[in-house]
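Note sheet for the following structure.
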Amino acid sequence: MPTIPLPLLKGDRNSDLDYRDNLPVNMTGVVRSVKGSAGYLLTHDGLTEFSTVGGKARGGVYNERFRKHYRLSGNVFEEISEVGAVIARGQVIGATTASFANSFNTQAILSDGKLFYWDGATLSQVNDPDLGVPIDITWFRGIYVMTDGESLFHTDVGNESSIAPLKYSSSEFSSDPIKGVARNDQNQIIAFNRYSTEYFVFNPNVQSGTSVLQVISGKASKIGIVGTHCKTEIDGRFFILGGRKEESPSVHILSAGQETTIATREIDKIISQYSEQELSGAYLESRVVDRDKFLIIHLPDYTLLYNHSIASKMGIDMAWSYVKTGVDVDEPWRAKFGVFDPRASKWIYGDTLENKLAYLDQKSAAQYGNQVENICYSPIVPISSLSIDQFEIDTIPGFATTDFTSFFSMSQDGVMYGMEYTNLISSPNQYSQRYIARRLGYIRDSFNFKFRFVSPYKMAFSGLQVEVS
């Protein structure tokens, strides 16, 4: 009997006269050689309640200088202790995603064009008339650098509440609007424009009262971002949602003025469902845990997950999945604005549905105690006039406190799946239990599998082996 080994990191489907990817749902790839497989799928970490806060999540930051975790929840600026105690520090009115930066003296909060400083004792608003309406902020060599979408400007050296009208400068590589600002590992300011990216250094020898930002000649590139928060940093490189003027938005890595596209065709098709205006409100964030480097893209109806560690070892086709909330519905993942708090040694997330914070729980797949739906697929396998005698999947059974079952179904056309069958894959303390299904029947042309389970428990899947005759 021939045995066909099948990967589970990415599946296939037929759709709209096209071949498409079936991405894993609430499961992520892990790079590790296990029983002949180069990697395996692991249920995504769950969410366990950490705090009750004053509103829905609008942003968060860990301030290394103050050694404090700060949150903007609704209109409330809050301090979060390492055990989840919440202290309201003042009102920051707004409705959209906030930007954060910090100096040696203050924590800056930029909310709906208004700038606030927290100095450890008092929350105050910056009322300098030359502030304008900034949309993004970063800290750079003793000054706060901001953009209002047209220009770059900064605070005075030695006075964080003062902005001189002559300290405005432009990103002039292209005429496109500035969407965001950031500081890189080379201590340079990056102006992320819509279709271009330009770099600046601090020039202390400029005329008094003028901008200290000096453009780095020859380092600009013709690629930009679609929205202010469509950028995040991992290992000194910026991951962006955007593109060039002559192309549709995609996902790229920017490093030293060079770009690498990491979106697959499937990811580009998901992104293309949205207008430019809808994409401008997307939010990118990153997380590094257990040597896995994750990019999280919050779109209006999807939360995409990219594992850069998987991509580096197995290619970008195997690196994408998506995470969600709910069962039998495709709601975006409710966790947002993750902050690693070193005092608690936890990744702590805001919540888009309720006034809560949650920590990422590696011991559970549940979200606030609720079960989640996990799905993975196999590729489409072309075989003709053969029968499937059995399949087996490597799992890690025995650790659930109740019996753990999985549903599987099969498609013979890559579109419609047949009846779901239930298999027991884990019982308490039964560490040698095997996940096997037998006598699956005759295959006329091709087949692929769908595996689904709804559970609060974490599970690892690898090494699908299919025996045919």
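Keep in mind that what you see is a predicted model, and the values were worked out from it rather than measured.
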Centroid separation under 6.0 Å, is that true for the rings of [Y] and [X]?
{"X": "F77", "Y": "Y70", "result": "yes"}
{"X": "F391", "Y": "F447", "result": "no"}
{"X": "Y283", "Y": "F337", "result": "yes"}
{"X": "W333", "Y": "Y349", "result": "yes"}

So, taking the atom named [atom1] in [X] and the one named [atom2] in [Y], what distance separates them when rounded to the nearest 0.5 Å?
{"X": "H154", "Y": "L213", "atom1": "NE2", "atom2": "CG", "value": "5.0 Å"}
{"X": "K56", "Y": "R334", "atom1": "NZ", "atom2": "CZ", "value": "10.0 Å"}
{"X": "D21", "Y": "K10", "atom1": "CG", "atom2": "NZ", "value": "4.0 Å"}
{"X": "L299", "Y": "C230", "atom1": "CG", "atom2": "SG", "value": "8.5 Å"}
{"X": "N22", "Y": "L8", "atom1": "CG", "atom2": "CG", "value": "12.0 Å"}

Can you see whether F407 has R452 sitting over its ring - NZ or CZ less than 6.0 Å from the centre and within 45° of the normal? yes
Looking at R265 and D18, is there a salt bridge between them, counting it only when a charged N and a carboxylate O are closer than 4.0 Å?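 Here D18 pairs with R265 in a salt bridge, since their nearest N and O are under 4.0 Å apart.
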Any side-chain heavy-atom pair from [X] and [Y] closer than 4.5 angstrom?
{"X": "D394", "Y": "Y40", "answer": "no"}
{"X": "L360", "Y": "K346", "answer": "no"}
{"X": "I240", "Y": "T197", "answer": "no"}
{"X": "L23", "Y": "I270", "answer": "yes"}
{"X": "R71", "Y": "V53", "answer": "no"}
{"X": "Y435", "Y": "F461", "answer": "yes"}

W320, F239, F294 screened by ring-ring contact (aromatic ring centres under 6.0 Å, His included) with H308, the one that passes: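 The residue from W320, F239, F294 that satisfies ring-ring contact (aromatic ring centres under 6.0 Å, His included) with H308 turns out to be F239.
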Counting N and O atoms only, with roles assigned by atom type, does the side chain of [X] sit under 3.5 Å from a partner on the main chain of [Y], one being a donor and the other an acceptor?
{"X": "D341", "Y": "R343", "answer": "yes"}
{"X": "S286", "Y": "E233", "answer": "yes"}
{"X": "T395", "Y": "A460", "answer": "no"}
{"X": "D176", "Y": "Y195", "answer": "yes"}
{"X": "Q107", "Y": "A101", "answer": "yes"}
{"X": "E285", "Y": "G338", "answer": "yes"}
{"X": "D351", "Y": "K356", "answer": "no"}
{"X": "T303", "Y": "P332", "answer": "no"}
{"X": "R244", "Y": "K222", "answer": "yes"}
{"X": "S411", "Y": "M416", "answer": "yes"}

Counterpart residues, ring-ring contact (aromatic ring centres under 6.0 Å, His included), relative to Y144 (two or more places apart): Y117, W139
With a cut-off of 6.0 Å (strictly less than), are more than 12 heavy atoms of other residues, nucleotides or ligands near [atom1] of [X]?
{"X": "K68", "atom1": "NZ", "result": "no"}
{"X": "Q277", "atom1": "CD", "result": "no"}
{"X": "K114", "atom1": "NZ", "result": "no"}

H252: which of T261, I225, T260 passes side-chain contact (heavy atoms from CB on, under 4.5 Å): T261
Set out, in order, the CA-CA distance, both residues' side-chain angles and the distance that settles side-chain hydrogen bond (donor to acceptor under 3.5 Å, both in side chains) for T147 and D136, then state yes or no. CA-CA 6 Å; T147 182; D136 204 11; over 6 Å; no
Test item: side-chain donor near acceptor, E160 and T106, under 3.5 Å: yes
